[in-house]
Amino acid sequence: MKRLVGQMKAKRGIAATLVNPYLDRVCIIGAGGTGKTTLLEAIVSYFPKKDTVFVPTHVTTEKLLGEKEIALFSQLENNPGNHSLLYQAKIVITDQFALMSESKQRLLVQMLKNKQVHVDQNSDFSNTPLRAQWFYCLDQENEDKSLLKHAKLCVQLLPIFDVSERSNILFTADNPEREYALEEIEKAKQRLSSVQVSDEMLRLAVEVVIGSGCRNQEADIDLIETARALAALDSDESIEVKHIEEAAGYTVAHRMEEQQESPLPESAESHTNREASEDHSEGENHSATNRESMPIDHSGGGYDYEASGEPLPKQGSPNNEAIAEVPEDEVDQMITYLKVQSDLLYPKRTIQPQSTKGKHREGTNAGDNGRMLRAVSRPTESISLYHTLIAATPYRKVRVPKEGMTLAIEKEDIRYKLKEQQQGFTILFLVDASSSIAAKKHMRVVKGAIFELLQQAYQKRDRIGMVTFRKTEAVEVLPFTNKFPEAKRKLGEISTGGKTPLAAGLEKALYLCEKEKRMHKQALPYLVILTDGNANETLKPGGTASQARSESYQIARKIAIKQFPVTVIDTQQGKSQFGLAEELATALDGEYISLDVLTDKNIAKTVQRRLHPLEGKR
Amino acid sequence: MKNYPFTAIVGQEKMKKALIINGINPKIGGVLIQGEKGTAKSTAVRALADVLPDISVVNLPVSATEDRVVGTLDMERILKTGEKKLEPGILAKADGNILYVDEVNLLEDHLVDILLDTAAMGVNRIEREGVSYEHSSRFVLVGTMNPEEGMLRPQLLDRFGLCVNIESEKKVEERMEVIRRRLHFERNQEAFEKRYEQDQRKLKEQIQWAQKLLPTVEIDDALIGTVAELSIELGIESHRADITVITAAQTLAAWKQRAVVQLEDIYEAAELSLPHRLLQDPMKEKSSYEELVELLRYKVVDNK
């Protein structure tokens with residue numbers, strides 16, 4: 001593991017998983033170029049090559065499940081290719097796990113959790129156990145942190161900001177020497193079974209997990225197992241507080257996300273959070289220095305040695321008293337430490353997730369599941385046997401079948417299934433939250449409409465997002481989702497009032513729609529705008545009302561050129577209509593709707609009718 | 001690799017009860033287990049097979065293809081010999097067994113439809129590529145889901161006989177016990193199994209007795225009336241609900257080695273089989289099942 005310079009913390013975590021195979025789902029997270037793949041390579045080198053399976057991002061369902069392959073075009077008599085890819089794997093590696101399509105991700109995780117592989121033998125399937133350790137990598141920038149939760153243990157690679165270490169990386173790229181030699185791991189493995197776990201340590205582990213707000217009970221066991229492995233690595237006979245603390249960083253921090261997201265406005269929340277944790281860690285340091293018997297570098301938050309690459313806490317000198325009775329504040333300390341850890345894992349939205357991922361997505365989204373539409377001769381995912389046979393029938397008399405075959409089928413007879421997958425829509429609500437309209441009421445109505453639509457979202461597979469604009473800027477209140485609880489959490493309180501930066505709102509909507517379109521090829525985002533059209537704030541605050549209006553029309557034209565379907569719902573009712581919203585709709589090439597009464601049901605119905613026009617007529 | 005013994009699972013009594021009575025009487029119509037990750041859902045389902053006579057757990061992976069679920073033509077055979085032969089799918093394998101669908105809420109729509117169809121009829125009909133074939137496919141449908149990842153269609157929800165919500169254990173002592181047992185299990189599976197051998201055998205016997213006793217369990221008309229009243233009062237439209245409550249109550253009585261259904265059985269059965277059928281208003285803050293179950297409790301107690 002010498003290949004990777006520094007990153008002691010991550011290496012120790014990985015060493016723990018090598019010692020204790022119970023920790024069988026391991027996530028490596030880090031920013032681009034911090035050495036995730038290098039670490040993976042290092043892991044692979046600990047195992048014989050035949051036991052290692054790399055799962056590529058474009059893997060097919062058939063390959064994972066081990067669908068029966070047809071030996072039709074294969075010259076070999078016994079085609080061994082019909083086993084699952086994971087069959088008899090000991091180590092499963094997925095670099096770039098996030099790029100796999102969602103259904104494949106789930107399938108893979110399920111198979112690994114179930115620890116079983118179907119084996120197809122003479123159309124009689126049986127299950128063979130699958131005992132594999134799975135290592136996967138995630139990019140720090142990845143927005144979907146739910147992928148982290150598949151892991152029992154998660155290590156983080158941090159960028160190194162130290163000149164000498166960075167240059168070390170450049171020089172020692174190919175040093176075969178290992179930090180954790182294979183023998184060392186083997187020895188630790190033997191020690192593992194004799195590591196004792198006292199009841200106090202069990203209690204501490206459980207209290208830490210409960211206190212951290214992690215709702216996954218499995219974390220208890222993972223925490224103890226990791227602590228055991230660490231103790232084995234240190235040649236300690238029993239688990240000590242330091243092991244629990246260290247192990248918690250690996251096994252609990254990445255499952256803490258829920259706590260972080262509260263309905264509070266994001267910026268304010270992160271502020272207070274950070275402040276709070278800073279306060280705490282200061283206090284922590286004090287208490288650590290006060291208590292002399294504790295090695296400082298370990299109760300100081302585990303922070304120091306991972307950055308500086310210092311050797312880990314030396315063995316021995318454990319405080320016997322601390323083990324005998326677990327002080328109350330021990331738990332609190334650890335939880336504070338965990339909060340810092342999980343803060344590192346979940347960076348606030350300040351980092352723009354700009355990346356090259358759009359392109360990779362394309363191929364993986366192709367639906368290999370779904371209903372068959374018709375047979376085509378252009379190759380697709382699967383062959384339609386029936387149509388192939390029909391196509392071959394007219395030639396039966398003139399062709400001579402190949403040896404061993406009853407029918408003569410040529411390549412040109414082969415027909416493929418064209419499949420279609422039901423695809424939902426993506427709806428973006430762009431809502432005027434400025435004071436120029438009765439914003440509070442409208443906000444309530446829109447929220448109601450979103451809830452209404454989301455209730456049906458599971459069946460229709462629609463995803464909904466929301467952007468509001470007021471004062472000088474547009475805010476993405478609800479990122480695209482089809483999950484009701486998430487929407488409910490995020491749409492708690494939305495502030496209203498201020499000027500009307502319509503242009504900024506449109507710009508944000510355009511950006512989000514384009515991004516969405518790039519990510520999900522088939523889905524065309526549908527934009528629903530609720531406004532009176534009366535723009536009075538420019539992109540750069542301070543412009544005149546007419547400037548604001550012309551700016552917003554310019555962006556509206558851009559949206560029109562992209563041909564996103566748009567509906568403008570006029571919030572101005574009754575006589576005092578200026579027709580501004582109607583003008584906007586024209587500029588957008590969109591539909592203009594003026595509802596007599598704005599209610600949530602009305603809006604939901606309008607949107608539904610537009611998206612699923614056949615629904616009512618059935 | 002061995003399964004973790006069913007009797008060694010700490011707590012989660014409701015889930016265990018629901019699974020056992022389904023094992024005794026498959027007519028109850030399966031169970032949906034809703035809960036967070038890491039609450040021993042899968043462990044319990046897999047362990048169940050060990051205490052039931054001649055039953056195994058068949059897994060339906062979330063992204064399985066239609067071909068694999070329903071069954072398809074054995075193409076190799078057709079091409080080599082010209083004979084049509086059917087290659088059975090997961091539904092064929094599930095016949096007489098437990099069909100376990102992890103994350104059932106994420107199952108693709110067309111698979112859900114197939115599942116519903118088959119579960120309702122007890123027969124899997126294959127109509128494809130010029131073959132018509134049918135085989136019986138009666139199974140206990142056990143699904144798990146995490147409600148945070150999306151809800152289930154109401155049609156499918158109603159199809160599950162019972163529904164239990166489980167949460168992670170809040171008591172420190174209990175959780176410590178969970179870890180202790182797990183550690184023991186990981187360290188020495190044989191010894192661990194031995195420790196629970198007697199419990200396992202007892203449970204097996206109790207299940208078998210219950211299965212024998214079940215056909216003779218009686219329920220009097222007054223209790224049936226109670227169930228009907230309860231459903232009407234709660235505004236439940238599905239008649240399946242009433243039937244499930246009664247079937248489950250009978251099974252519970254058999255499980256407790258009684259030949260007559262008592263009011264407490266009805267209460268227990270209703271608690272398991274009604275929550276997911278109640279109309280829920282997601283706009284309301286307090287939509288939790290617990291509250292409705294609480295209501296249920298009062299209703300039944302009042303009737304005493």
Side-chain angles (χ1 to χ4, degrees), chain A residues 22 61-62 65 67-68 70-72 103-104 106-107 110-111 113-116 123 125 129 131 149 193 197 199 202-203 205-207 209-210 215-221 224-225 368-371 383-386 389 404-407 409 422 448 451 455 458-459 461 482-486 488, chain B residues 1 36-40 42 46 59 61-68 72-83 85-88 90 93 102-103 105-106 108-111 128-130 147-153 167-170 172-173 175-176 178-180 182-183 186-187 282-283:
Chain A
Y22 178 83
T61 314
E62 281 79 7
L65 285 173
E67 198 90 337
K68 198 159 184 181
I70 297 132
L72 178 59
S103 65
K104 309 272 163 53
R106 290 194 183 286
L107 180 63
Q110 267 192 14
M111 289 177 78
K113 275 189 184 164
N114 290 337
K115 301 195 187 304
Q116 271 183 352
S123 67
F125 23 42
R131 286 187 206 202
K149 299 197 173 172
S193 60
V197 187
D199 267 6
L202 275 187
R203 181 181 297 277
V206 170
E207 276 172 1
V209 174
I210 292 180
R215 291 184 298 167
N216 190 340
Q217 205 177 330
E218 235 184 312
D220 300 357
I221 300 162
I224 288 289
E225 289 286 354
D368 51 351
N369 253 339
R371 279 170 199 279
I383 293 175
S384 166
L385 178 68
Y386 179 65
L389 292 180
M405 296 282 174
T406 315
L407 301 168
I409 296 172
Q422 204 188 349
F451 289 149
Q455 263 183 277
Y458 171 74
Q459 294 160 47
R461 311 251 150 169
N482 57 2
K483 291 170 191 123
F484 192 84
E486 190 186 332
K488 204 165 164 182
Chain B
M1 195 159 35
E36 296 145 17
K37 277 187 182 150
T39 35
S42 307
R46 264 193 288 276
N59 231 321
V62 158
S63 48
T65 54
E66 202 171 315
D67 287 358
R68 194 168 183 101
T72 185
L73 286 171
D74 186 341
M75 253 207 251
E76 205 169 326
R77 177 105 168 211
I78 263 199
L79 292 168
K80 279 191 176 147
T81 64
E83 284 169 38
K85 188 182 166 263
L86 197 85
E87 201 179 284
I90 289 172
K93 215 185 149 205
D102 201 3
E103 305 189 82
N105 49 335
L106 301 173
E108 287 188 49
D109 266 358
H110 61 273
L111 288 183
R128 51 192 347 197
E129 280 124 5
E148 281 187 1
E149 291 178 332
M151 286 306 292
L152 207 55
R153 279 201 292 182
E167 284 180 351
S168 55
E169 188 61 57
K170 297 285 181 290
V172 176
E173 284 299 328
R175 282 177 81 139
M176 285 166 66
V178 173
I179 310 177
R180 252 182 243 129
R182 192 85 220 184
L183 282 175
E186 294 295 330
R187 194 167 304 172
M283 299 299 288

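Every chain is numbered from 1, with letters handed out A, B, ... down the list of sequences.
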Quiz item: Is the backbone of B:Asp102 close enough, under 3.5 Å, to the side chain of A:Gln110 for a donor and an acceptor to pair up by distance?
Solution: yes
Quiz item: What residues, two or more places apart in sequence or in another chain, satisfy salt bridge (charged side-chain N to carboxylate O under 4.0 Å, His left out) together with A:Asp220?
Solution: B:Arg175
Quiz prompt | Which residues share a salt bridge (charged side-chain N to carboxylate O under 4.0 Å, His left out) with A:Arg203, sequence neighbours left out | solution = B:Glu173
Quiz prompt | Among B:Leu183, B:Val178, B:Thr39, residue most engaged with chain A (heavy-atom pairs, under 4.5 Å) | solution = B:Leu183
Practice problem: Starting at CZ of B:Arg180, measure out to CG of A:Leu202 and round the result to the nearest 0.5 Å. | Solution: 5.5 Å
Quiz item: Could you give the distance from CD1 (B:Ile179) to CD1 (A:Ile224), rounded to the nearest 0.5 Å?
Solution: 5.0 Å
Quiz item: Rounded to the nearest 0.5 Å, how far apart are CZ of A:Arg106 and CD of B:Glu103?
Solution: 5.0 Å
